[in-house]
There are 4 protein chains.
Amino acid sequence: MKRKHVKAKPEQDPKSRILDVALKEFAAYGIEGARVDRIANNASINKAMIYYYFSSKENLYLAVLKRNLEGMFAMLSRHLTEHLSLEETLAAFVEVYHTLFIKQPEFPRLILRELATPKSSVIPRLAKSINASQFPHRIGKLIQEGIDSGQLRAVNVQQAIVSFITMNLGYFFLSPITDRVLGVKNRKQFIVDRKTAIVDLFLYGVKTR
Amino acid sequence: MKRKHVKAKPEQDPKSRILDVALKEFAAYGIEGARVDRIANNASINKAMIYYYFSSKENLYLAVLKRNLEGMFAMLSRHLTEHLSLEETLAAFVEVYHTLFIKQPEFPRLILRELATPKSSVIPRLAKSINASQFPHRIGKLIQEGIDSGQLRAVNVQQAIVSFITMNLGYFFLSPITDRVLGVKNRKQFIVDRKTAIVDLFLYGVKTR
Amino acid sequence: MKRKHVKAKPEQDPKSRILDVALKEFAAYGIEGARVDRIANNASINKAMIYYYFSSKENLYLAVLKRNLEGMFAMLSRHLTEHLSLEETLAAFVEVYHTLFIKQPEFPRLILRELATPKSSVIPRLAKSINASQFPHRIGKLIQEGIDSGQLRAVNVQQAIVSFITMNLGYFFLSPITDRVLGVKNRKQFIVDRKTAIVDLFLYGVKTR
Amino acid sequence: MKRKHVKAKPEQDPKSRILDVALKEFAAYGIEGARVDRIANNASINKAMIYYYFSSKENLYLAVLKRNLEGMFAMLSRHLTEHLSLEETLAAFVEVYHTLFIKQPEFPRLILRELATPKSSVIPRLAKSINASQFPHRIGKLIQEGIDSGQLRAVNVQQAIVSFITMNLGYFFLSPITDRVLGVKNRKQFIVDRKTAIVDLFLYGVKTR
DNA sequence: AATGAATGAGAATTCATTCAT
DNA sequence: AATGAATGAATTCTCATTCAT
């Protein structure tokens, strides 16, 4: 029940306060651009404590990634239950990602930076986790079944998956540009519309007439 | 057949040699991670010359961006001539971007990082250039005309544009993940297929039956 | 009897040790000629600590100036109390300046350089402090009163003040030349004599017969 | 009769144009702070030419000093002819210095900087030149004769000389401060007044009643 | 746990000087 | 004489990391 000298910032244990602040820092400046000093200041904590908890900047970065990825996959697996139809699966996916990224817009930026990094060690691990989540496999299977049953056109399944995923994630990555170019004013509404637009375009694009 | 004193890489004037090397450096490490020393070495040039020509690392970075953006827009305007149909416009766009990004995979990574940077000064300028290129405006008009004439479904035009763009650019950004997840082996072929898949899905998704 | 790890010069806190050493460095080489490395070495301190405390060479320089100016004005205001006669005021002024400059010969050199610098930011501030010290104003009033009462000749008051001040400070600035030209051997004695010579010449020069 | 490509600046041979510009540069920034690039630009000349003419920055500095000192002594010896009375000598001295420094205010700043430099090699040489000019010796002799003949008080001759010189030079050095402190508006007029004020105060201060 | 101070290895930038033409 | 480009040796400043308390 110690009482801090001055400092503001609410409770929360220092470790997760550091992680919160570090996410923003890494997202904004990248690993190289991130400053341990700045993280310490923003977390209202002594710089040495960061080393006490995380031992290095690199390590802190990995801890940040880990925490956020875990959160993402937890949410995915909670919503993408088996035995959903194609329509339901797509809708669930769209819902999860949009909910996630709106809540924590820094996280996709982090991933963006990893994607820009040539020999990122994070990307392979991320790919592995995605695979483990079974989602791409499942959607692929659903599409294939649709084709086989004649409900869907004979599209290239891999391409279709990529198209669906890029439509989902792409906006979060490109919004700084697209919002400007298209003059999007009400971002909130645009994202709401986006969810239905994606599913609509995709399904309409793959279904037979 | 000029003969510089010693050094390797005689070709090209040093200024554009620096720009070439710097593009790779910035793409690989980001602005903060980039090392002026490394750029100088790889360009076989005295470090001070970089400052002679570009006055600072920041400035060099902007010069790199400028050159590549200009190249991109030059190509776009060469191919996206007016009086093309919707189908032709989409195909031209797809073609240009894919050609561009295959030729110079470093450039999108640069843009990626800028997209992740909160108060990037580059993004607004890029948006302005895109606007000036008239492309989004033109595709929007074509879609609207299609809707009015009953050839296209009454889709949300803005959303459609975003969907189309993200399907195009998204893959280049996300390929490190999607290639792994989907087990893409032949990247070249995948990209060739991608071009038709995008246009096909999009058109099929917006056209009335 | 504290014991710092290794290093020489244990005394004093590092901050003021840096300021001491820096005063000498700046006086000897000027701001541009001063070397942060040399200051760090002479202060037996890690170079980075200078930036830790003062953030830049420029800033360190200003801190040095500030400290010494404050010391000077503190001494002036201690000795130039009100209700002194003209004779006493002049004598006090002479005493203070000579004492000061003998104790710390580096400081006037710093001021000298500032005087030579066209848009020095220090000089205006120094002038303001001098004004605040009220000394020139006070001596001017005493002279004017003397003139009014007929004890002093109707000299130009401003010119008289400048004459008095330049006689005082001038020697410290010009001594490298005058000592040589006049063959001054015993500098200590010369300065002792100087104090009375200045007051004598000045008073004799302004008093009516 | 070659014709320069662009460039402004009037004629004058480049060598003396460099010297003019360099005087200002050295006066403003000191030797260490002076930039060869800036001198070259301001003289509208290629940097390499400075080395062609003067072989090094140090050398250029010495050339600047030499030229200006020679000008000063030439003027002094033209005006300080022998067989002048004390009054005439003092007046001539005052006149020469004030004329000189008004015409070229940069030069005293250069000397100021040398005076601030601990082991200046210039000061000893300057002192030698002053000695050779015989002026201090002559004024000393005149004062001594005045004392001997009873026309002057038995003042300390060395101190008197120093007082006179510092009153003359002091203002040029200290004017950035004194002008502010005393609120001197009309600098031109102040200097005119100064000439008579100095001689007046000095003579009145040394003469017997 | 917590803190202010300290450290060393860079990294960007500068600048006098020289070279090739 | 004249020029733009080139060079190398500093020099300032930064920053992740560690230490003493």
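These figures come from a predicted structure and were not determined experimentally. Proteins get letters first, then strands, A, B, ... in listed order; numbering begins at 1 in each.
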Sugar-phosphate, base or nothing in reach of C:Ala40, heavy atoms under 4.0 Å
nothing

Atom OH of D:Tyr53 and atom P of E:dA16 are separated, to the nearest Å, by 20 Å

Counting only side-chain nitrogens and oxygens, does B:Tyr51 get under 4.0 Å of the OP1 or OP2 atom of E:dT14?
no

Between A:Glu25 and A:Arg35, does any NZ, NE, NH1 or NH2 come within less than 4.0 Å of an OD or OE carboxylate oxygen?
no

Want to settle it: does C:Tyr52 or B:Glu32 sit nearer the 5' end of DNA chain E, counting the closest nucleotide to each?
C:Tyr52

Between D:Asp20 and D:Arg67 (salt bridge meaning N to carboxylate O under 4.0 Å), is one present in this structure?
yes

Could you state the atom-to-atom distance from CZ of B:Arg38 to P of E:dA12 in whole Å?
9 Å

Rounded to the nearest angstrom, tell me the gap between atom CD1 in A:Ile39 and atom C1' in F:dT17.
14 Å

Rounded to whole Å, CD of D:Glu58 lies from P of E:dC15 at a distance of 18 Å

Suppose we define a pair by two distances each less than 3.5 Å, Watson-Crick or G-U wobble; what does E:dG8 pair with here?
F:dC15

Chi angles and distances behind the side chain to side chain donor-acceptor pair (under 3.5 Å) call for D:Arg125, D:Ser120
CA-CA 10 Å; D:Arg125 274 192 283 161; D:Ser120 161; over 6 Å; no

Measure from CE on B:Met49 to C1' on F:dA5 and round the result to the nearest Å.
5 Å

Counting just side-chain N and O atoms, does A:Arg35 come under 4.0 Å of either OP1 or OP2 of F:dA16?
yes

Would you say A:Phe173 and B:Leu112 make side-chain contact, with heavy atoms under 4.5 Å?
no

To the nearest angstrom, the CD1-P distance between D:Ile50 and F:dA2 comes to 13 Å

Nearest nucleotide by nearest heavy atom, which residue falls closer to the 5' end of DNA chain F, A:Val36 or B:Ala48?
B:Ala48

When both distances are under 3.5 Å in a Watson-Crick or G-U wobble arrangement, the nucleotide paired with F:dA20 is E:dT3

Please report the distance, rounded to the nearest Å, between NZ in C:Lys57 and P in F:dC13.
7 Å

Nearest-angstrom distance from the residue atom CG of D:Asn46 to P of E:dA16
15 Å

Hey, does A:Phe107 have a side-chain heavy atom less than 4.5 Å from the side chain of A:Met72?
yes

Closest to the 5' end of DNA chain F, once B:Lys47 and C:Ser55 are matched to their nearest nucleotides, is B:Lys47

